Amino acid sequence: MDLLTVGTFARPPDDLALRALQPTLGADRTLLGGGTWLFSTPQPHLAGLVDLTALGWEPLHVDDDGLTLAATTTFATLAGVDPAAHPAWPAVGLFAGCCEALVGSWKVQRVATVGGNVCLGLPAGPMITLAAALDGTATLWDRDGGERTAPVVDLVVGPQRTALAPGEVLRSIHLPARALRGRTALRKASLSPLGRSAALLAGRLDGPDDGSGFTLAVTASLPRPAVLRYPAVPDAGTLAADVAALGDAVGVGGGWYDDPHGSPAWRRAMTLLLAEEIRVELGEVPG
Ligand SMILES: Cc1cc2nc3c(=O)[nH]c(=O)nc-3n(C[C@H](O)[C@H](O)[C@H](O)COP(=O)(O)OP(=O)(O)OC[C@H]3O[C@@H](n4cnc5c(N)ncnc54)[C@H](O)[C@@H]3O)c2cc1C
């Protein structure tokens, strides 16, 4: 839709130009990623946009430490990463599944960005799930020219609420090689086959050389993402108790999420079911 209150549009061509514009960002001037959310709903408070898509950030940077995704990497680019090209990193197989969890047409997938997904902070944000399961660390640029890093899972603090300061830019997300070496499993529940995620869970089992730890990211059924970690695959009872506690104890995960995409009770039941499926899948010794 047209954003009729927007009167200024800047498209910085490089980092320097973006940095110069950052102090002007605030309640009435915001960053534009793919625009799939910004242009989907009225934004009467907005007078200006700063478009990130001409910066030319390398979508995926691979080195010995792992893989770094630019905030401007699109879902289509991420979904197109061929797991066969990264045989040492089985967790790359999670990329396509997480992209598909956002049920949008190819038009949406082609422009929606990793950074926009995280910074929008929807409970059903699949890039949040991906980064939470793979220990993703965000690099953020503040308005004064500084930089900080933070676990992505800590950036989203509630539905459409993040820990980003005004004018802060999510520059990239680093996925460490140790996590990428893990085996992963993904499960989604939604009220209809093409519905928004009501529960989206991703698990990871590290190999013996990396400590054999088990990690479970729980998203969409909670107002904010949660991660459970174990030194090895937990038994069914332990996992179920810990997963239940995330939503049952309101202070921990904020209660089970409630919106038109699923009732809290159903989300709780599905989250327990999917967690157990992931536990069983990753606990099986691959043939
Ligand atoms: C059909 C359809 C289905 C959808 N399904 C889902 C879904 O299942 N789950 C879900 O989470 N979303 C969903 N969405 C919403 C949205 O499309 C996605 O969240 C998408 O990933 C947003 O990315 P974007 O690049 O288009 O963000 P934009 O719309 O450009 O921006 C979103 C927000 O993030 C901010 N932002 C963007 N980039 C940065 C950055 N680098 N640093 C700081 N702030 C930034 C913007 O200022 C804005 O507030 C859906 C949308 C459609 C149209």
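Everything quoted here is computed from the prediction, not taken from an experiment.
Applying the 4.5 Å side-chain rule to ILVMFWY residues, one finds Val153 in the same cluster as Val227. Hydrophobic cluster membership of Leu52, counting Ile, Leu, Val, Met, Phe, Trp and Tyr whose side-chain heavy atoms lie under 4.5 Å apart directly or via other members: Leu18, Leu21, Leu25, Leu31, Val50, Leu55, Trp57, Trp141, Val169. Annotation for Val103: hydrophobic cluster partners, listed by chain and number, are Leu194 (ILVMFWY side-chain heavy atoms under 4.5 Å, direct or chained).
Each of Asp210, Asp135, Asp65 was scored for a side chain to side chain donor-acceptor pair (under 3.5 Å) with Arg178, with one residue passing: Asp135. The side chain to side chain donor-acceptor pair (under 3.5 Å) test with Tyr230 is passed by exactly one of Thr238, Asp242, Asp235, Thr215: Asp242.
Checked by atom type, the side-chain pair Thr24/Arg29 shows a donor-acceptor distance below 3.5 Å.
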Checklist entry - What do the steps show when you test Leu49 against Leu38 for side-chain contact (heavy atoms from CB on, under 4.5 Å), and what is the final call? => result CA-CA 10 Å; Leu49 291 171; Leu38 273 172; 4.2 Å; yes
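A search for side-chain hydrogen bond (donor to acceptor under 3.5 Å, both in side chains) contacts involving Gln43 returns nothing, not counting sequence neighbours. Taking the side-chain hydrogen bond (donor to acceptor under 3.5 Å, both in side chains) definition, one finds that Asp28 meets it with nothing, sequence neighbours left out.
Closest approach of Leu282 and Gly203 over heavy atoms only: CD1-C, 3.5 Å. The two atoms that bring Leu134 and Phe95 nearest to each other are CD1-CE1, 4.2 Å, heavy atoms only. When all heavy atoms are compared, the tightest approach of Ser190 to Pro193 is OG-O, 4.5 Å. When all heavy atoms of Trp266 and Ala198 are compared, the closest pair comes out as CZ3-CB, 3.4 Å.
Of the charged side-chain nitrogens involved, at least one lies within less than 4.0 Å of a carboxylate oxygen, so that Arg148 and Glu168 count as a salt-bridged pair.
Residue pairs satisfying the side-chain hydrogen bond (donor to acceptor under 3.5 Å, both in side chains) criterion with at least one member in residues 106-122, sequence neighbours excluded, are absent.
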